[in-house]
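Taking it in order: structure first as structure tokens, then the write-up.
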Amino acid sequence: MTLFYHFDEKIPLTGRLAMGIEYDGTRYCGFQRLNHAASVQASLEDALSKVANEPIRVNASGRTDSGVHATRQIVHFDPPVGRSEKAWIFGANTHLPRDVAVRWVKPVGDDFHSRLCALGRRYRYVLLNQISRPVLERANVTWCRDPLDADAMHRAAQALVGEHDFSSFRAAGCQSKTPWRHMHFVDVKRYGQLVMIDIQGNAFLHHMIRNIAGALVSVGRGAQDEAYIGELLALKNRRKGDVTAPACGLHFVDSVYDERFDLPKEPLGPHLLSFTGEWTGERELPDTPRVAYRRNRSLCNPAATPKQEASS
């Protein structure tokens, strides 16, 4: 996919559709539709329903916390009517608020499911490391005025790579049945005043990345040594963990799928980091049973067994 191309405005798209969504999460209580607060899902479904003139419900690749942003949230839905590519994109964006936008839409097979077929999710936590508080970037970075040692943070973060019990980094109210997650990689890099925590895993617990970021900042400031992250992980106790970093610095930047779905490729966000030139799909996924199972789970491959399904 190139950065610029012409949307087709004549051929109605039929069957299941995948869609790439970008949003500023500042005024939303996360992606998922809620009865008591504004959500990205509600805004998106309302806009798509106006394009179709019929109710539409979407499934997303993952939830995001209140105040968290996304540059590549993937959703899918089964439209009740045919509309062209241009109609879905321009029509939805006409009805969406300015802090949510549809980036692309693509027909996919009935075996595609944005959540159940995802092989990994990738987030970036962005810190603005300078003495003065941010102005133009204030809604999408976390300000840290103490000097941060990004190299020390990176070395400390390597303790998180692999499959572990992340109880020390889950929120008290986390509803996940298991604290076990598999982290594909965790990188910490400095770009001038920006320090980026780049993390990808099969899935994440409630507040997990923000709790990791809070602990890594303690290492970067010199308040804790590089062994701190591994020690927290081994404790398996959130009460002995570090602070939860603010939501404004966290960005959901990618959902990874099997190549057969051929979803559009685009530069990883947020736009503050577009100069790095990295596009989606450039990192090799780890060769693990979990990734292999996800590639062949029952929804995408009817041959998968109930035993395999239960172990996901």
Side-chain angles (χ1 to χ4, degrees), residues 1 4-118 121 139-140 175 203 247 250-255 257 261-266 269-270 280 299-300:
M1 178 181 180
F4 298 94
Y5 70 102
H6 293 290
F7 299 132
D8 181 84
E9 52 185 297
K10 297 180 180 179
I11 303 174
L13 302 180
T14 58
R16 180 161 294 182
L17 300 178
M19 189 173 268
I21 311 298
E22 179 178 5
Y23 54 86
D24 178 336
T26 303
R27 70 183 189 94
Y28 298 100
C29 288
F31 178 84
Q32 188 176 23
R33 177 184 282 270
L34 301 170
N35 293 326
H36 62 280
S39 69
V40 177
Q41 183 178 5
S43 294
L44 178 61
E45 290 177 342
D46 290 349
L48 293 174
S49 297
K50 289 176 181 176
V51 175
N53 291 321
E54 292 190 42
I56 286 181
R57 292 292 178 264
V58 303
N59 290 275
S61 54
R63 302 177 184 179
T64 50
D65 293 342
S66 177
V68 174
H69 317 300
T71 56
R72 187 176 163 87
Q73 171 73 274
I74 308 297
V75 306
H76 83 267
F77 62 98
D78 297 312
V81 296
R83 296 285 187 267
S84 70
E85 179 186 25
K86 184 176 182 179
W88 283 120
I89 296 173
F90 280 29
N93 286 338
T94 297
H95 297 292
L96 281 167
R98 295 186 65 185
D99 48 11
V100 183
V102 173
R103 294 174 61 92
W104 51 263
V105 64
K106 183 183 187 300
V108 290
D110 291 341
D111 60 343
F112 177 82
H113 191 287
S114 55
R115 179 175 64 84
L116 298 179
C117 292
R121 283 95 174 168
N140 51 26
Q175 298 178 357
L250 186 56
H251 303 256
F252 184 12
V253 299
D254 200 9
S255 268
Y257 297 93
F261 295 120
D262 193 29
L263 296 186
K265 299 182 184 299
E266 52 192 330
T280 61
L299 187 69
C300 303

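Numbering of residues begins at 1 and proceeds along the displayed sequence. Just so we're clear, the structure is a prediction, and the values are computed from it rather than from any experiment.
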When you measure from the side chain of Thr14 to the backbone of Gly82, do you find a donor-acceptor pair of N or O atoms at a distance under 3.5 Å?
no
Kindly say whether Asn140 contributes a backbone atom to a donor-acceptor pair with the side chain of His251 at under 3.5 angstrom?
yes
Determine whether Val68 and Phe31 make a side-chain contact, defined as any pair of heavy atoms from C-beta on separated by less than 4.5 Å.
no
So, do Pro97 and Arg27 sit near enough that their side-chain heavy atoms are less than 4.5 Å apart?
yes
Keeping Glu9 on the side-chain end and Lys86 on the backbone end, is there a donor-acceptor pair under 3.5 Å?
no
Tell me if a side-chain donor or acceptor on His69 pairs with a main-chain N or O of Gly25 at a distance below 3.5 Å.
yes
SG of Cys29 to NE2 of His36: how many Å apart, nearest 0.5 Å?
5.5 Å
Under the 3.5 angstrom rule, does the side chain of Ser84 hit a backbone N or O of Lys10 as a donor-acceptor pair?
no
Has the side chain of Asn93 got a donor or acceptor atom that lies under 3.5 Å from a matching backbone atom of Val102?
yes
Is a side-chain N or O of Arg121 found less than 3.5 angstrom from the main chain of Gly62, in a donor-acceptor match?
no
Compare all side-chain heavy atoms of Gln73 with those of Val40 and state whether any distance is below 4.5 angstrom.
no
Relative to each other, are the rings of Phe77 and Trp88 parallel, tilted or perpendicular (30° and 60° limits)?
perpendicular
Atom of Leu96, atom of Ser43 and distance for their closest heavy-atom approach:
CD2-O, 3.4 Å
Which class fits the ring pair Phe90 and Phe7: parallel under 30°, tilted 30 to 60°, perpendicular over 60°?
perpendicular
Please identify each residue that fulfils side-chain contact (heavy atoms from CB on, under 4.5 Å) with Glu45, with sequence neighbours left out.
Arg33, Gln41, Arg57, Val58
Taking the ring of Phe112 and the ring of Tyr257, is the distance between their centroids below 6.0 Å?
yes
Main-chain N/O of Asp110 paired to Arg16 side chain as donor or acceptor, under 3.5 Å:
yes
Should Leu13 and Glu85 count as side-chain neighbours, where that means a heavy-atom distance under 4.5 Å?
yes
For a side chain to side chain contact (heavy atoms under 4.5 Å, CB included) check, start with the C-alpha distance between Arg83 and Leu48, then their side-chain angles and the critical distance, and finish with the verdict.
CA-CA 11 Å; Arg83 296 285 187 267; Leu48 293 174; over 6 Å; no
For Val253 against Thr71, the heavy-atom pair lying closest together
CA-OG1, 3.5 Å
So, do Leu44 and Tyr23 sit near enough that their side-chain heavy atoms are less than 4.5 Å apart?
no
Atom pair CG/NZ of Asp262 and Lys106 - distance to nearest 0.5 Å
5.0 Å
Which atoms form the tightest heavy-atom contact between Ser39 and Tyr28, and what is the distance?
C-CD2, 3.5 Å
CG/Leu34: more than 12 non-hydrogen atoms of other groups inside 6.0 Å:
yes
Take Arg72 and Leu263 through the test side chain to side chain contact (heavy atoms under 4.5 Å, CB included) and record every step on the way to the result.
CA-CA 11 Å; Arg72 187 176 163 87; Leu263 296 186; 4.2 Å; yes
Closest non-hydrogen contact found for Ala47 with Ala92 is CB-O, 3.7 Å
Do Thr280 and Glu266 pass the side chain to side chain donor-acceptor pair (under 3.5 Å) test, and can you show the C-alpha distance, the side-chain angles, and the key distance before you say yes or no?
CA-CA 6 Å; Thr280 61; Glu266 52 192 330; over 6 Å; no
Taking all non-hydrogen atoms of both residues into account, name the closest pair between Ala60 and Ser114 and its distance.
C-OG, 3.3 Å
Closest contact, heavy atoms only, Pro79 versus Leu17
CG-CD1, 3.8 Å
